[in-house]
Number of protein chains: 2
Amino acid sequence: MGYICLMAVDRDHVLRSAAALLTRKSTATMDEVAKAAGISRATLHRHFAGRDALVRALEALGIEECEAALDAARLDDDSAQEAVRRFVTEIESAAGLLAFLYTENQLFEGEEQNAGWARIDARIAALFRRGQASGEFRIDLTPAWLTEALYGLLASGAWAVTEGRLAPKDFTHMIVELLLGGALRREES
Amino acid sequence: MGYICLMAVDRDHVLRSAAALLTRKSTATMDEVAKAAGISRATLHRHFAGRDALVRALEALGIEECEAALDAARLDDDSAQEAVRRFVTEIESAAGLLAFLYTENQLFEGEEQNAGWARIDARIAALFRRGQASGEFRIDLTPAWLTEALYGLLASGAWAVTEGRLAPKDFTHMIVELLLGGALRREES
DNA sequence: TTCTTGTGAGACATGGATGTCTCACATGGG
DNA sequence: CCCATGTGAGACATCCATGTCTCACAAGAA
């Protein structure tokens with residue numbers, strides 16, 4: 001009975017399809033999500049009890065990918081600047097999902113959010129703090145704000161790509177360069 | 001008969017209340033919007049034919065405030081850098097509304113968007129282009145991306161403020177400094 | 001006062017998304 | 001072959017936001 005594996009594969013495929021669709025149209029119907037995954041609404045419902053469960057699962061997936069990217073980026077190696085660069089590179093494929101979850105979180109309002117985000121926030125903020133401590137980053141921009149700004153830029157970048165205003169290949173460069181270097185020209189050092 | 005004026009005042013008040021509410025909870029019900037404005041749902045309906053009309057009116061208000069901020073910022077005066085600073089200062093009070101409209105626009109999908117945004121995009125992009133031409137701004141970040149990033153940072157800043165992660169008084173500084181200077185420390189010039 | 005006007009409250013129908021159910025079918029193993 | 005399992009299609013009830021309507025009330029003008 002390999003059905004457990006089969007279920008898992010299908011579930012993941014459904015999740016990926018849903019993420020791809022909801023990135024483009026955050027209000028997509030369960031019917032549309034099902035069609036996008038190539039399954040019927042009934043089967044979709046067998047995997048996820050309801051829309052809420054689906055969003056929660058997507059949130060878990062987003063957190064998972066985010067933490068995987070943080071791990072892969074080796075935040076404690078060499079300079080904080082390079083670590084940021086690596087992280088954005090690693091997170092690129094999940095940026096659309098992040099953008100969806102970023103706005104979705106806005107309307108959770110009262111409810112407590114998944115603890116995973118707090119962990120992720122802490123790791124990213126710690127990275128910026130390390131950069132400040134080492135003298136790489138300026139200290140008048142708080143780590144919390146830099147973290148928030150990074151999310152915002154990732155979302156902006158993901159949307160700009162889906163709407164064709166930004167070439168996918170420029171995604172990482174545009175985000176990292178703006179976040180780290182800003183728009184002003186540097187004096188040649 | 002001063003009723004026209006009275007209507008206009010009420011309508012504006014309703015619009016402001018709706019903007020404030022929808023900034024915090026973008027899925028708020030017509031009922032909630034009415035309560036937030038201190039009127040009944042029936043009266044709200046007398047001002048705006050439906051939710052769609054309300055959102056359109058908010059869009060028009062956002063465009064109006066945005067263009068007013070662009071005018072007030074005198075984009076063609078002195079350095080592009082200072083013009084950006086002035087613009088962010090001017091737009092601060094409308095940033096929440098902008099953030100709401102920014103995400104709302106994501107789900108317009110097929111429909112053509114209000115031409116006002118194209119005008120605004122063009123003016124902001126032109127500002128960044130001027131900065132590049134004058135040598136103030138680096139040329140590897142496209143004006144279109146800088147414009148997009150500015151929107152993203154304004155939205156991130158507005159949300160961070162409403163959720164208490166950013167002090168309102170730091171709003172302009174955090175956004176402008178990150179956008180223009182980036183996170184890296186500058187060598188003292 | 002009387003009439004007009006805007007409003008609030010509520011009833012009511014509508015539409016759309018959702019959740020649940022049944023049933024027929026296809027596939028794959030025994 | 002026969003049975004079990006997962007699936008698709010569709011019917012169905014339900015919920016919720018929305019849009020429309022009526023009616024009574026309060027405030028202001030004539």
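In what follows, every chain begins at residue 1, and chains take the letters A, B, ... in the order their sequences are listed.
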Measure all distances between protein nitrogen or oxygen atoms and nitrogen or oxygen atoms of nucleotides 15-20 of chain C, and list the pairs falling under 3.5 Å.
residue	atom	partner	partner atom	Å
C:dT18	OP1	A:Arg51	NH1	3.2
C:dT18	OP2	A:Met30	N	2.9
C:dG19	OP2	A:His45	NE2	3.4
C:dG19	OP2	A:Arg51	N	3.4
C:dG19	N7	A:Arg41	NH1	3.1
C:dG19	O6	A:Arg41	NH2	3.1

In residues 153-161 of chain B, what donor-acceptor pairs under 3.5 Å come from side-chain atoms, sequence neighbours left out?
residue	atom	partner	partner atom	Å
B:Ser156	OG	A:Tyr102	OH	3.3
B:Ser156	OG	B:Gly152	O	3.1

Within this structure, what is the [atom1]-to-[atom2] distance between [X] and [N], rounded to whole angstrom?
{"X": "B:Phe48", "N": "C:dT7", "atom1": "CZ", "atom2": "C1'", "value": "16 Å"}
{"X": "B:Ile39", "N": "D:dC25", "atom1": "CD1", "atom2": "P", "value": "22 Å"}
{"X": "B:Lys35", "N": "D:dA17", "atom1": "NZ", "atom2": "C1'", "value": "14 Å"}
{"X": "B:Leu44", "N": "C:dT7", "atom1": "CG", "atom2": "P", "value": "11 Å"}

Problem - Side-chain N or O of B:Ser40 closer than 4.0 Å to phosphate OP1/OP2 of C:dA9 - result: no
Exercise for the section: Start with the C-alpha gap between A:Arg24 and A:Glu163, add the side-chain angles, then the distance that decides, and say whether salt bridge (Lys or Arg N to Asp or Glu O under 4.0 Å) holds. Expected result: CA-CA 9 Å; A:Arg24 283 175 288 123; A:Glu163 293 181 25; over 6 Å; no
Exercise for the section: Quickly, which of B:Thr172, B:Leu75, B:Asp78, B:Ile91 forms a side-chain contact (heavy atoms from CB on, under 4.5 Å) with B:Arg86? Name it, please. Expected result: B:Asp78
Practice task
Please check if the side chain of A:Gln132 supplies one atom and the backbone of A:Arg138 the other of a donor-acceptor pair under 3.5 Å.
Solution key: yes
Practice task
State whether B:Arg85 and B:Glu82 are salt-bridged, where the test is any N-O pair (Lys NZ or Arg NE/NH1/NH2 against Asp/Glu carboxylate O) under 4.0 Å.
Solution key: yes
Could you pull out every donor-acceptor pair under 3.5 Å between side chains of residues 60-72 of chain B and any protein atom, sequence neighbours left out?
residue	atom	partner	partner atom	Å
B:Glu65	OE2	B:Arg16	NH1	2.6
B:Glu65	OE2	B:Arg16	NH2	3.2
B:Glu67	OE1	B:Arg119	NH2	3.3
B:Glu67	OE2	B:Arg119	NE	3.1
B:Asp71	OD1	B:Arg123	NH1	3.3
B:Asp71	OD1	B:Arg123	NH2	2.8

